[in-house]
Structure formats: structure tokens, C-alpha cells
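Take a look at the structure set out below.
Naming: A, B, ... by sequence-line order, numbering from 1 per chain. Just so it is clear, the values below take in all heavy atoms, side chains as well, and ignore hydrogens, waters and symmetry mates.
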There are 2 protein chains.
Amino acid sequence: MRNMAKGSFKVQVLQAREGAIVASVNRLLAEKGYDAMTVDEVAADVGIAKASLYKHFTSKEELAAAAMIRLLDHALAFLATLEAQPKATALERLKAVARWTLQVQLAGEMPALPAQNSTLRAALAANKTYLDRLMLVSDKLGEWITAGQKASQLNRKLPPELILYTLFARACDPVLSLLKAGGKYSDEQIVDLLLTTCFDGLCGHAKLRLA
Amino acid sequence: MRNMAKGSFKVQVLQAREGAIVASVNRLLAEKGYDAMTVDEVAADVGIAKASLYKHFTSKEELAAAAMIRLLDHALAFLATLEAQPKATALERLKAVARWTLQVQLAGEMPALPAQNSTLRAALAANKTYLDRLMLVSDKLGEWITAGQKASQLNRKLPPELILYTLFARACDPVLSLLKAGGKYSDEQIVDLLLTTCFDGLCGHAKLRLA
DNA sequence: GTCTATAAGAGGATAGAC
DNA sequence: GTCTATCCTCTTATAGAC
């Protein structure tokens, strides 16, 4: 019956080190993207040898998967806080999720994975922990989406998957970085502008925060 | 006065070969993305030796830039056909542009460049031909955007750059490939759905083509 | 300008001592 | 499990003959 409960001190040290590794990976993925991130950089950033990294994670793909799991866990924690507010409507919750996603991106903490890398996609598709977290997030958002459509807060003619994908896509919206690079708007304004275009469209007569 | 007019037969052959190269690059960029595309593949696809490629284009970055210029030229040609229709409103033209962009993507002909590759960005920023074409497209779209806002066809509260960027972003919309992978909708339905979410938002009460 | 052959280097992954 | 040192593959780019 070894390592009962939370495990020995030694185990906790190891888990803390893994947490530091994943945090570094997350930051580097947000900064440079998956392809430009090298395992050497990760090791240097954490302050350990590359060979030691490979004792914790067996490949670069697994490092990326760990970062994604970390992100999804943070998302799940945020979804839980939203669900704890019984007065909020489905639409308000979905907008809050989109806002959170954009803020993570603005903070430089959104890991960027290439959509076309097939080996990476295969590794993620084979990672049960990742798939599990992804399904938890998708299911919760799916509930709110159908609720929002029933209440006519969301366009009832749109397939729910489309709405789900559109919300997920806010995590890699290139418009955010372009507006940010322009330097004309504050972070809060950028978030409001993108939320407006997402939920009300380019034609919509939404009032933003001004009017 | 050598090479007058369109040049000799020899020059035309060379230009045709360069066209074939750029077409291959465009297809490979659309299929695998910039990082996964190798110069060896391009050479094999065109059917010439890699060293010959480097006689036409001095680097992989220049290959990508040539593909982008080709794309922008196609876009400019399409914009010209739109401008030849005097009855069309600004909004109709912008929707037609967005539709064209999505159709290029669906046809597997949209080159995919990583937003974060700094050396590639530098090469593009130093390419005057590319910048010239990009500015021509941006200026024309900018005209229509401001016209659409004056006519209240577009939300007047949105900064014009935001609208421009949002239209550009349709060229790499991940929602399209997700819907396509789902297999539940025809290409035309996918285009209509994405146009609706883009211009009318997730909340909008647009009728799509059904109602 | 086209080819074959190769340089030059980056980067993922591992061997083996401790 | 951590380290140093190394392997090995892939990829960009070029040399030099024709």
C-alpha cells in the first residue's frame, strides 16, 4: 500500500516538476506555436536536461497534449463558476465563455497548435485524458447552446455544432492579434468588439458599450 | 531591345514553368501548410530537380510569397468582376467576397501560412509585390466597407479595420474544416451557414435559405 | 537552367554513467 | 530520474558538371 493518499513528499516534488514543465510548454506554445517550439527550449526554460524531460513525457506530442489538458481543466473550472450562478441565462454564460477565451489569448496563455499536423492530431485523438476533458467541455457548452436556442437567444436555424465550433474558434481568432498589433484599442475594447462580431455579426445593430 | 513585348519563346517557357511551380506550391500549402511542406515535395510535384527550383526562387519563403501573390491576383480579378456590376450594393459585394474566399477554401486551394513564423513574416513584409497586391485588395474592400457602413448595411459602430480583418480571417476559418469533416452538410450549406454567422452573428435572426 | 551529389545544421529522441 | 554526450533523420540550401 505504497503512495497512499496524495503520495510521499518525493511524489509531490515530481508532480510539481511536471506542473512546471507543462506551464512552460503552455507559455512557449502560446508564444511561438507548436512547430517553432523545440524540446530543447522547453528543457532550458524549465531548467532541466532534455533527457529528463523524456522521462516525464515520451514525445513532443505528449507535451502539447499535456498543455491542452491543462487548458481544458482551466476551462472546466471556469464553466463550474458559471454554473454556480443560477440567475445567468444560457446566452450570458456562452458570452462569458467566449470572453474568457479571448482574455486567455490576450494574456499570451493560449497554446497554439497547427490544425494540419497529422501526427499531432493522431496523438491527441489517441489521448484519452484529452478526449475526456474535451467532451466534458463540449457537453456543457452544448447544453447551454440548445437552451439558448430554445429561448431564442441564439439563432434557432443554426446547427448546434456550428455554434460550438464557432465558440471554440475564438481561441485562435487571428483578428485579435491583428487588432492588438494595431495598438489602437485597449484589451477590453478588443474583447468587446470581437464578442459583438461573434454574437451579433458585422451587420448587426448591436450597441457595444458606447450607446 | 531584346525580349520585346512578351519575350521570346524561351522566356514564355520559363514563365510557364514558374507558373507550374507556383501552382504546385499553392496546392501543397493548402493541403499541408507551410511547415509541413518541403521543398523536395515541391520539386517532385513539379517534376524538376530541387536545385532547379532554387534557380527560380531563392528560398522556401519566396515560394510561399509567390503563392500568396497568385492568390491575391485571383482575388483582384474577382473584385474586378464585382465592380463591373453597378447595381450591386456594398454589402452584396462584401458577401460575395467572403463567399469566394470560403469556396476557395472548400476547393482545397487556400494556401495556409502559419501566423507565428517570424522569418516567413519578415520575408512577406519585405516583398514589395506581395505588399502591393495586399494593399490593392485592402483598399478596394475598405471602400466597400465604409460605403456599407454609411448605408447602415454594416454596423456603423465597428471599426473598419475590424471588418476588414474579419473578412480576411474567413480565409483560415477552422469552422469550415470542422463542418466539412462532420460530413452532415453540403458545400453550399456550409458556405451559407458561415456567411450567416459572419454577417448576422450567432444571435441574429437571419433566415438562411430555408425560411 | 537542369541535373546529381553533398554540405550544413536543426531538432527529436536515446545510451549509459551516476 | 537526472545528467552528458551522442545518434539519426529530415530539410534547407549549394557546388559543380553538363
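For the pair A:M37 and A:A51, both in contact range of DNA chain C, the more 5′-proximal nearest nucleotide belongs to A:M37.
One can place NE2 of A:H56 at 16 Å from P of C:dA13, the figure rounded to the nearest angstrom. The CD1-P distance, from A:I21 to D:dG1, rounds to 11 Å in whole Å. In this structure, B:F57 atom CZ and D:dT14 atom C1' are separated by 18 Å, rounded to whole Å. With rounding to whole Å, A:K50 atom NZ is found 9 Å from C:dG11 atom P. One interatomic measurement links the two molecules: CD of A:E62 to P of C:dG12, which rounds to 15 Å at whole-angstrom precision. If you take CG of A:L53 and C1' of C:dA13, they are 12 Å apart, rounded to a whole angstrom. Going from atom CG of B:D35 over to atom P of C:dA10 covers 17 Å, rounded to whole Å. The separation between B:L28 atom CG and D:dT11 atom C1' is 15 Å, rounded to whole Å.
At D:dC3, one or more side-chain N or O atoms of A:S52 fall inside 4.0 Å of OP1 or OP2 (strictly under the cut-off). Between D:dA13 and B:Y54, a contact under 4.0 Å exists linking OP1 or OP2 to a side-chain N or O. Dashed line: the shortest gap from a side-chain N or O of A:R17 to OP1 or OP2 of D:dG1 is not under 4.0 Å.
The residue A:K60 sits close only to the backbone: its heavy atoms come under 4.0 Å of sugar-phosphate atoms, none of a base. If you check every strand for non-hydrogen atoms under 4.0 Å, A:T38 touches sugar and phosphate atoms only.
Judged by distance alone, the side chains of B:T119 and B:N117 do bring a donor and an acceptor atom under 3.5 Å apart. Between the side chains of B:Y34 and A:Q116, no donor N or O sits under 3.5 Å from an acceptor N or O.
The only member of B:L28, B:V104, B:L29 that meets side-chain contact (heavy atoms from CB on, under 4.5 Å) when paired with B:P111 is B:L29.
For A:E61 (side chain) and A:A123 (main-chain N/O), no donor-acceptor pair under 3.5 Å exists by modelled atom type.
Side chain of B:I48, nearest nucleotide from C:dG11, D:dT12, C:dC3: C:dC3. The side chain of A:D40 has C:dG11 as its nearest neighbour among D:dC3, C:dT2, C:dG11. For B:V39, counting side-chain heavy atoms from C-beta on, the closest listed nucleotide (D:dT12, C:dC3, D:dG1) is D:dT12.
Seen from the ring of B:Y54, B:K60 does not count as a face-on cation partner, given the 6.0 Å and 45° thresholds.
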